[in-house]
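All remarks here apply to the structure that follows.
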Amino acid sequence: MDYVERVLSELKAKNPNEPEFHQAATEILNGLRPVVEKHPEYEKAALLERFVEPERVVMFRVPWVDDAGSVHVNKGYRVQFNSAIGPYKGGLRFHPSVNLSIIKFLGLEQILKNSLTGLPIGGGKGGSDFDPKGKSDNEIMRFCQSFMTELCRHIGQDTDVPAGDIGVGGREVGYLFGQYKRIRNEHVGVLTGRGLTYGGSLVRTEATGYGLVYITAEALKARGDSFEGKTVVVSGSGNVAIYAAEKAQSLGAKVVAMYDSNGYVYDKEGIKLDVIKQIKEIERARIKEYASRVKGAEYHEGCKGIWTIPCDIALPCATQNEIDGASARILVKNGVKYVAEGANMPTDLEGIEVFQKAGVVFLPAKAANAGGVATSALEMAQSSGRLFWTFEEVDAKLKNIMVNIYHNMDAAAKEYGCEGDYVAGANIAGFIKVATAMMAQGVV
Ligand code: NDP
Ligand code: 2IT
């Protein structure tokens with residue numbers, strides 16, 4: 001058993017019933033094998049064992065009262081995974097599926113993603129099994145206030161800076177920030193994704209989706225190609241999906257399908273994003289509505305069918321494990337050439353293998369969706385400096401970061417003998433900086 005296998009088997013034994021955490025750790029550590037072989041000192045320092053163990057896990061009760069006066073209790077989490085290169089940084093997810101395994105997988109990924117941005121941010125993640133769907137604004141506000149009443153003891157602008165993720169957007173960040181400020185009496189950059197009137201950064205709303213398209217455009221450019229005239233399928237219809245679709249369209253691609261958790265819409269003329277934005281961002285309604293508003297569009301119940309639509313580029317932007325081996329095989333059969341992950345871990349391990357064996361250019365989440373957290377770090381910089389940059393300035397920095405990530409992971413893959421394997425390349429490029437910092441800081 002080599003070092004990587006030993007750490008993985010110990011991790012599974014010590015953390016049973018955490019399948020998503022096992023999956024993320026397997027993908028990451030397998031990619032790091034050439035690095036730990038080159039650096040035997042890492043094993044002596046138990047570096048991988050420390051890397052996969054969160055520095056701190058906070059779990060708490062979140063009681064709240066609904067509009068009818070009934071009392072509810074949800075679970076709250078914050079996993080402060082790794083602070084070697086900067087304060088913990090990562091989103092909060094509010095979704096009924098949230099559990100410790102999911103928050104730990106997201107936190108582990110976040111360490112390497114944040115390192116890849118080149119900015120000084122460590123890795124963390126949090127959330128709750130609270131379901132925001134169907135709740136009134138007042139219920140959302142009371143929940144966020146209760147959640148922050150506990151969380152505020154554990155975070156701070158130089159300690160841990162949360163942001164949004166699934167189910168946490170501008171509205172939730174606003175309520176969370178309001179409660180933090182009220183309890184701590186500090187107006188600081190303790191959350192990112194804030195509104196533009198109270199410390200937020202231009203481009204943060206668009207950043208993950210735009211960044212996803214910028215890095216994919218760089219991969220296309222390296223192969224003498226572009227988004228122009230390409231058929232694109234985008235899964236999800238939330239923050240990441242909408243702005244990925246918007247940027248892909250602006251570069252001349254045709255986005256033909258999107259979904260929410262009930263089903264997908266197919267519009268062979270190209271999805272009309274103003275209609276999607278109206279339904280999803282303003283009305284918070286179901287995507288099914290699209291087919292009743294746009295002539296010629298089709299709605300299909302269920303999500304999986306979206307991957308049977310032929311496309312050149314697939315951008316999974318909803319959630320983990322939305323593309324399994326079977327869906328990957330259909331995409332390949334239908335001629336997909338590029339898959340770039342907007343969501344975190346949307347492709348399962350079998351799906352990744354199918355894409356890589358078929359020669360599909362596969363851009364893994366920790367590189368491809370790093371634009372969101374990178375722009376969060378730019379928001380932190382603006383908050384600390386008490387200044388604001390223009391849209392063009394932030395967008396240019398974001399683009400530059402995504403182009404650099406592409407070339408860094410490409411170079412790392414080449415250097416470690418796995419050219420074109422961006423899963424390994426991204427893991428290696430992200431890990432080296434974290435490992436170097438951890439080694440320098442001693443056994444902590
Ligand atoms: P949103 O809440 O804005 O949107 C999520 C979208 O995914 C919705 O369309 C939602 O459908 C769909 N979805 C969620 N869960 C499921 C599910 N189990 N099955 C099918 N569809 C589902 O979240 P974001 O756009 O912010 O996040 C999407 C992904 O991107 C996540 O994986 C997140 O971790 C990742 N990400 C987000 C970043 C950000 O800056 N926001 C940064 C980097 C990554 P429905 O409305 O029906 O629930
Ligand atoms: O998965 C992610 O990178 C995010 N949800 C964004 C995190 C952040 O701190 O902006």
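Counting starts at 1 for both ligands and their atoms, following the listed order. Every value quoted in this text rests on a predicted model; they were computed, and no experiment measured them.
Under the ring-ring contact (aromatic ring centres under 6.0 Å, His included) criterion, the residue pairs touching residues 292-321 are Tyr264-His300, with sequence neighbours excluded.
Residue Lys337 places its NZ atom among 12 or fewer non-hydrogen atoms of other residues, nucleotides or ligands, all under 6.0 Å distant. Asn185 CG: 12 or fewer foreign heavy atoms inside a 6.0 Å radius.
Using the six-membered ring where Trp is involved, Phe431 and Phe51 have ring planes that are perpendicular, over 60° apart on the 30 and 60° scheme. Between Phe147 and Phe94, the ring planes lie perpendicular to each other; the angle is over 60°, past the 30° to 60° tilted range.
The six-membered or imidazole ring of Tyr198 lies near that of Phe177, with a centre-to-centre distance under 6.0 Å. The distance between the ring centers of Phe143 and Phe130 falls below 6.0 angstrom.
Closer than 4.0 angstrom to ligand 1 by heavy atom are Arg93, His95, Lys113, Lys133, Asp165, Ile166, Gly167, Arg204, Thr208, Gly236, Ser237, Gly238, Asn239, Val240, Tyr259, Asp260, Ser261, Arg286, Cys303, Cys317, Ala318, Thr319, Gly342, Ala343, Asn344, Asn369, sorted by chain and number.
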Got a list of side-chain donor-acceptor pairs under 3.5 Å for residues 320-327, not counting sequence neighbours?
residue, atom, partner, partner atom, Å
Gln320, OE1, Arg93, NH1, 2.9
Asn321, OD1, Gln23, NE2, 2.8
Asn321, ND2, Gln23, OE1, 3.1
Glu322, OE1, Ser235, OG, 2.7
Glu322, OE1, Tyr259, OH, 2.5
Glu322, OE2, Ser235, OG, 3.4
Glu322, OE2, Ala318, N, 2.9
Glu322, OE2, Thr319, N, 3.0
Asp324, OD1, Ala326, N, 3.4
Asp324, OD1, Ser327, N, 2.9
Asp324, OD1, Ser327, OG, 3.1

Could you list each N/O atom of ligand 2 together with any protein N/O atom closer than 3.5 Å, one pair per line with the distance?
residue, atom, partner, partner atom, Å
ligand 2, 1 (O), Gln110, OE1, 3.4
ligand 2, 1 (O), Lys113, NZ, 2.9
ligand 2, 1 (O), Lys125, NZ, 2.9
ligand 2, 1 (O), Asn344, ND2, 3.0
ligand 2, 3 (O), Gln110, NE2, 3.0
ligand 2, 3 (O), Lys113, NZ, 2.7
ligand 2, 5 (N), Lys125, NZ, 3.2
ligand 2, 5 (N), Gly164, O, 3.1
ligand 2, 5 (N), Asp165, OD1, 2.9
ligand 2, 9 (O), Lys89, NZ, 2.6
ligand 2, 10 (O), Arg204, NH2, 3.0
ligand 2, 10 (O), Ser376, OG, 2.6

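Residues Lys277 and Glu246 are paired through a salt bridge, judged by an N-O separation under 4.0 Å between the basic side chain and the carboxylate.
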